[in-house]
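Below is one structure; the comments refer to it alone.
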Number of protein chains: 2
Amino acid sequence: MLELAIMGFLYDAPLHGYELRKRITALTGHVRPVAESTLYPAIKRLEQAGLLERATEPGAVAAPRHVLTLTDDGRRELHRRLAEPVQRDITDENRWFTVLAFLRHLADPGAQSAVLRRRLAFLETPSSFFYDGDRPVRAEELDDPFRRGILTVARATTEAELAWLRATIDALDDAAG
Amino acid sequence: MLELAIMGFLYDAPLHGYELRKRITALTGHVRPVAESTLYPAIKRLEQAGLLERATEPGAVAAPRHVLTLTDDGRRELHRRLAEPVQRDITDENRWFTVLAFLRHLADPGAQSAVLRRRLAFLETPSSFFYDGDRPVRAEELDDPFRRGILTVARATTEAELAWLRATIDALDDAAG
DNA sequence: TTGATATACCTCGGAAGCGATGTATTCTCT
DNA sequence: AGAGAATACATCGCTTCCGAGGTATATCAA
């Protein structure tokens, strides 16, 4: 997920690590903060995999910067991860939001629509958080106010996302012809 | 998060690992599946920390079961983690839902209300996913339909949760007197 | 009788993440 | 002149998690 965000930001323009961190913090930091000790090893991993290159520049304000540029392999890898996300990127909201944040880099509306359809299929599959045996329990049946809250919030999220997904898939499919 | 779920389920009744896995899968499995190779080491960690005990029983159907029971220390630890969650348990929706799923074990309405207030404070803090410099960007301003989706869904979730939180906090504070 | 399925548990290697800590430089305020 | 904050990068040890694979028993259908 972090690697996806790094590649997604670098796709637009080369950045140095510190700036990258600020962008990632703005994107997901309030929900899931990114530690420097997570970011720098991730950059190193991507560099060793040949997905990005670093060039040292004198620091504009302080210490020297390592400006990171996505390689052609890196661009291909980003496209691959956006076009064929692993299932966890589809089901886990944090990961899914990261995919969405960069899905525009997948220029083809048909490919974008296909990714949204996977999320749609996941949300349309009946599922619950709580079961009485095999039977899913509805919010109204629960005595526990906290578990009721989980179901209430999840339902509101799902409904809003389904509406958005259906409208956006339609628009993309119109654009794809 | 996983440890919290294990302790939360065992708080009600002793269970063996396989049954525990089914319950955790029902709770969060569709969003974030739990691998056996994650569950069993977690059980071992909790056992070594003295938070649960295991007793071997002949298997009802197949291989022998290890029935897990929460110790007094385990009950205290669960209370501690529910009453004073780390900040990530408050901000990360997956973790927060796990806290909510077992918050009823914290018998005191005042303590429950205090935890909900922390989530309320987090949701009331203005934050966005996208910024133009320091200024948060609203959904309507975005050309990117995918980023617009993120903001649309996040807003619906936040509004539903705020309404539920305020109503539930009021009810708890009435109960606490 | 053979194979599939469900039950039930476990280990290993590696990936990924985090808190704590360290090292420099430059700018700004007092 | 000195302190503090911001910039900029990095390592270390630890925990958590996952995929792949392994072991064994019981049930049931072909």
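Chain letters run A, B, ... following the sequence lines, proteins first, then strands; residues in each count from 1. Side-chain atoms are counted along with the backbone in the values below, which use heavy atoms only and exclude waters and symmetry mates.
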**Pairing residues for A:Gln48 by the side chain to side chain contact (heavy atoms under 4.5 Å, CB included) criterion, not counting sequence neighbours** =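 Partners of A:Gln48 under the side chain to side chain contact (heavy atoms under 4.5 Å, CB included) test: A:Lys44.
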Does [X] put a side-chain nitrogen or oxygen below 4.0 Å from OP1 or OP2 of [N]?
X       : N     : answer
B:His16 : C:dT7 : no
A:Lys22 : D:dA8 : no
B:Arg65 : C:dC9 : no
B:Tyr40 : C:dC9 : yes
A:Arg54 : D:dA8 : no

**Fill in**
With B for base contact, S for sugar-phosphate-only contact and - for none (protein heavy atoms under 4.0 Å), nucleotides 19-25 of chain C reads BB----B
**Prompt:** Centroid-to-centroid, B:Phe129 to A:Phe97, below 6.0 Å?
**Reply:** yes
**Asked** Choosing from D:dC9, C:dT7, C:dG17, which nucleotide comes nearest the side chain of B:Tyr18?
**Response**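 The nucleotide sitting nearest to the side chain is C:dT7.
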**Request:** Report the nucleotide, chosen from C:dA16, D:dC9, D:dC17, that has the shortest atom-to-atom distance to any side-chain atom of B:Leu2.
**Result:** D:dC17
**Prompt:** Counting only N and O atoms by type, is there a donor-acceptor contact under 3.5 Å from the side chain of A:His79 to the main-chain atoms of A:His105?
**Reply:**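 Here the side-chain-to-backbone pair exists.
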**A:Asp89 and its salt bridge (charged side-chain N to carboxylate O under 4.0 Å, His left out) partner, picked from A:Arg118, A:Arg119, A:Arg95** =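 The residue from A:Arg118, A:Arg119, A:Arg95 that satisfies salt bridge (charged side-chain N to carboxylate O under 4.0 Å, His left out) with A:Asp89 turns out to be A:Arg95.
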**Message:** Taking the axis from the first five pairs and the axis from the last five, what angle separates them in the helix from C:dT1-D:dA30 to C:dT30-D:dA1, rounded to 10 degrees?
**Reply:**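 Computed from the C1' atoms at both ends, the axes differ by 20°.
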Looking at [Y] and [X], is any side-chain nitrogen of the basic one under 4.0 Å from a carboxylate oxygen of the acidic one?
X        : Y       : result
A:Glu19  : A:Arg23 : yes
B:Arg104 : B:Asp12 : yes
B:Arg76  : B:Asp73 : yes

**Asked** Looking only at heavy atoms, what is the nearest atom pair of A:Arg148 and A:Ala139, with distance?
**Response** CD-O, 2.9 Å
